[in-house]
Amino acid sequence: MDSRASVLARIRARLGKAVTPAAAERAQVAEYLAGHPQGPRPGMPADTIARFCERALGLMTSVSELSTLDELPAAVARYLAAQGLQPAAVCWPQFAALDWRGAGLEVAARPARDGDLVGITGVFCAIAETGTLMLCSGAASPAASSLLPETHIAVVPRTRIVSGMEEGWALLRAESGVMPRAVNFVSGPSRTADIEQTVTLGAHGPYRVHVLLLSQ
Amino acid sequence: MQVTSMHFKARAGEKLADRRLQSALKKLQGNFVKGRADRIAELDNFADIRDAAAAIRDRALANLDLYLEAFEQKATAAGAVVHWAQTHDDVNRIVREIAAQHGVRKVVKSKSMVTEECGLNVALEGAGLEVVETDLGEYILQLAQEPPSHIVAPVVHKTRDEVSDLFAEKHNAPRLTDIPALCREAREKLRPHFLSADMGVSGANFIVAETGSTLIVTNEGNGRMVTTLPKVHVAITGIEKVVPTLEDVTTLLRLLPRHGTGQSITNYISVNTGPRRAGDSDGPGHFHVILVDAGRSDLLGGDFREMLRCIRCGACMNHCPVYQSVGGHAYGWVYPGPMGSVLTPSYVGLEQTRDLPNAATLCGQCHVACPVKIPLPELLRKLRERQFARGLKPWPETLALKAWGWLAARPALYALATRFKARLLRAMADERGMIRSLPFGGGWTDRRDFPAPQGRTFRDLYQASKAKAN
């Protein structure tokens, strides 16, 4: 008997079940998986956008407003200047056509590599309950761009802020139907508290996460 | 990993006298215990969520075989290769085979307690591979050649000064003392390893049957690096970590970070499903999942079945007065604290671990703090019963209990004996009514005096009050 069969047989024996699963057992499991019922949800305020901002700020994510996408280059330029950072970045392809040069920025529409200091990304959606960004990997949404650079700037449309992670999964099921290779939930800059439990930002990932809340 | 649990008493004694360790352990209580309490208060229906979390774990375990099969089917459909390992040696062999198959020379790891069980690093180094731990705490331990002392904060036993000395020596660099500077030093040392490694090894906090995904909960971002950059990703996890659906995992994620580090959510939660897709610019080309039994299936359906609910948050050790006093190394294997005192005897045998079930005051804090309601004090008590039944208690203790049992079954004799014993103890006391040393009771009197009994025995008082009532 191979390892797989041995492990499964031992599990069934220990659980006091017959050697072969009955059809009813399988149906019960399949039904639960297909139904994927929600668990109890904690109470949430009515204003999910305000909740998202409050929680994001608590995670040391900074937040500012953006009325239209055309304003993105100027908003990024202002943020980088205020932080004393160099005016260069990489961005997801969806932002390739914006007038970056007009804002005095050198922005390449390609996945981030080591040495890139700023990564500009969109999000799949954002979770109000915890102030979290939900990013799905893909050809148009490289995962490295929110990970390798020291600064991560994320454009979050107000319409993509959902209440909880449950709504994030529902949106993914409805819009894509397949799990991407990676779903990354990002809640603020990377951090560690391994040395004397002192929280330090910028462990291996970004030191800074900046959200631009897009109105239209 | 080598088991040294048989030396618990001796090592606990050393740890109690270790001033540096004691100051490190004090901080743990302040941060993790208070952090958990604060974050739980955010949830207006915490009790409901906790009940639901325990039920989710029980549901998964009740049909463990079928949920594992569902996971395997979905993971395979997404392009992952699923392996089954019956023993720790199987895990090491499978990882070596995968490494050979893909021509791997360097392995970067994110924190995984299962691989600590297996002694994977030693096995891979033995096969000529370079292995780099990338969680800051685990990296420090790898440099210091020490095992972790906590399942969430592995290097909790070390002070900043010790890390400064270690980095200066091992990096051959100027000695830095500022914590952010030390973190940056590690970041700069480790970044080239992430970029040049051929294989990433991670654990999994959960695996999801509905989607065939593995999930890791991290703060540093090293877990994302390990699962994104190298050409091969191997996720290694216990068979009990399966959870049916994404909704179920969401419920558990409301509790895990709150109980682990006192965070509402960790910085990163990464859900990985299969290898890189067509058109993707990142992600591993090959994704392997190793499902590890190594003693887990033996716990199913038995006296210790609730232990398999464990989501490895560490709350039980953070709240344990014994762990708080001696730290994790005294326990002598991968898992310390109350959960370790149940798991270690179960996985490596009761013979080598006889002190562990007794290394608890049974105060019940671990049960109260557990997010999935594991009755840890009850499980520890069951292990003590087993020890007694199998004659694994020290003979004086067994003899004393047998003698007491014989006497207790003879009420008249018992009354006489207790009256005599009380008088004897009174005679042994000093002028303050305290006994400075007890024969066979050194454990009581080495560090404190024992008060001598006063007045009459309970039985005499009871008889007297009954006579009065009549």
Side-chain angles (χ1 to χ4, degrees), chain A residues 2-4 6-8 10-12 14-16 21 25-26 28-29 32-33 36-43 55 59 111 114 130 132 137-139 142-144 147 164-166 169 179-198 200 202-206, chain B residues 27 31 43-45 48-49 52 63-67 70 84-86 90 136-137 153 155 159-160 163 179-180 182-183 187 195 209-211 213 219-222 224-225 228 239 244-247 250-251 264-265 267-274 276-277 279-283 293 297 300-301:
Chain A
D2 66 7
S3 279
R4 179 184 187 278
S6 302
V7 172
L8 291 173
R10 201 157 48 234
I11 291 171
R12 293 194 64 80
R14 293 291 310 183
L15 290 173
E25 262 182 81
R26 287 196 181 280
Q28 193 196 353
V29 164
Y32 185 79
L33 290 176
H36 50 78
Q38 282 187 20
R41 304 281 299 264
R55 288 303 163 118
L59 296 166
D114 187 46
T130 48
T132 299
S137 73
L147 177 63
M165 208 180 262
E166 284 88 347
W169 298 129
M179 285 293 280
R181 180 196 68 78
V183 178
N184 283 301
F185 293 94
V186 175
S187 305
S190 86
R191 69 188 69 198
T192 180
D194 271 347
I195 303 177
E196 294 192 345
Q197 289 164 62
T198 303
T200 307
H204 291 296
Chain B
K27 287 190 184 158
N31 292 325
L43 301 171
D44 54 349
N45 58 347
D48 294 345
I49 295 175
N63 278 305
L64 184 59
D65 55 324
L66 296 179
Y67 284 118
W84 300 71
Q86 299 196 65
D90 284 353
L136 177 60
V155 71
T159 60
R160 169 206 329 210
V163 178
I179 291 177
L182 289 167
C183 292
R187 175 188 174 108
L195 296 162
E210 178 193 354
T211 55
S213 312
N219 277 312
E220 296 183 4
N222 65 313
R224 285 187 65 190
M225 299 273 184
T228 304
I239 51 173
T245 66
L246 293 170
E247 276 74 5
T250 302
T251 296
S264 307
I265 190 163
N267 264 95
Y268 301 113
I269 293 167
S270 304
V271 188
N272 294 111
T273 314
R276 177 193 291 227
R277 308 287 159 79
D280 281 3
S281 57
D282 47 37
D293 185 338
S297 60
L300 280 170

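Computed over heavy atoms, backbone and side chain alike; hydrogens, waters and symmetry mates excluded. These numbers were taken from a predicted model, which means no experiment stands behind them. All chains are named by letter (A, B, ...) in the order of the sequence lines, taking the proteins before the strands, and each is independently numbered beginning at 1.
Between the side chains of A:Thr132 and A:Ser187, at least one donor N or O lies within less than 3.5 Å of an accepting N or O. When only modelled atom types and interatomic distance are considered, B:Thr228 and B:Asp282 share no side-chain donor-acceptor pair under 3.5 Å. Judged by distance alone, the side chains of B:Glu220 and A:Thr192 do bring a donor and an acceptor atom under 3.5 Å apart.
Of the residues considered (B:Thr251, B:Leu43, B:Asn272, B:Val155), B:Asn272 shows the highest number of contacts with chain A, using heavy-atom pairs under 4.5 Å. Of the listed residues (B:Asn31, B:Thr250, B:Asp44), the greatest number of heavy-atom pairs within a distance under 4.5 Å of chain A belongs to B:Thr250. Looking only at heavy-atom pairs under 4.5 Å with chain B, the residue among A:Arg41, A:Met165, A:Arg4 that has the most is A:Arg4. Looking only at heavy-atom pairs under 4.5 Å with chain B, the residue among A:Ala193, A:Ser6, A:Gly202, A:Pro180 that has the most is A:Pro180. Put simply, of A:Thr200, A:Thr198, A:Val29, the one with the most heavy-atom pairs under 4.5 Å next to chain B is A:Val29. When each of A:Gly164, A:Ser137, A:Ala144 is scored by its heavy-atom pairs under 4.5 Å with chain B, the top score falls to A:Ala144. The candidate from A:Glu196, A:Glu166, A:Gln28 with the greatest count of non-hydrogen atom pairs under 4.5 Å with chain B is A:Glu196.
Atom CZ in A:Arg26 sits 10.5 Å away from atom CG in B:Asn63 (nearest 0.5 Å). Rounding to the nearest 0.5 Å gives a distance of 8.0 Å between NE2 of A:His36 and CG of B:Leu246.
Within the 4.5 angstrom heavy-atom criterion, atoms from both the backbone and the side chain of B:Leu300 approach chain A. With a 4.5 angstrom heavy-atom cutoff, B:Asp48 touches chain A via backbone and side-chain atoms both. Using a 4.5 Å cut-off between heavy atoms, B:Asn219 touches chain A through backbone and side chain atoms alike. Looking at A:Pro142, both its backbone and its side chain come within 4.5 Å of chain B, counting heavy atoms on both sides. With a threshold of 4.5 angstrom between heavy atoms, A:Arg55 approaches chain B through side-chain atoms but not through N, CA, C or O. Looking at A:Arg12, the atoms closer than 4.5 Å to chain B (heavy atoms on both sides) all sit in the side chain, from C-beta outward. Both the backbone and the side chain of A:Pro206 have a heavy atom closer than 4.5 Å to some heavy atom of chain B.
Between A:Tyr32 and A:Pro37 the shortest heavy-atom distance is CE1-CG, 3.5 Å. Considering all non-hydrogen atoms of both residues, B:Arg276 and B:Gly283 come closest at NE-O, 2.8 Å.
Applying the ring pair (Phe, Tyr, Trp, His ring centres under 6.0 Å) criterion to A:Phe185, with sequence neighbours excluded, gives A:Trp169.
For the pair B:Trp84 and A:Asp2, the minimum side-chain heavy-atom distance is 4.5 Å or more.
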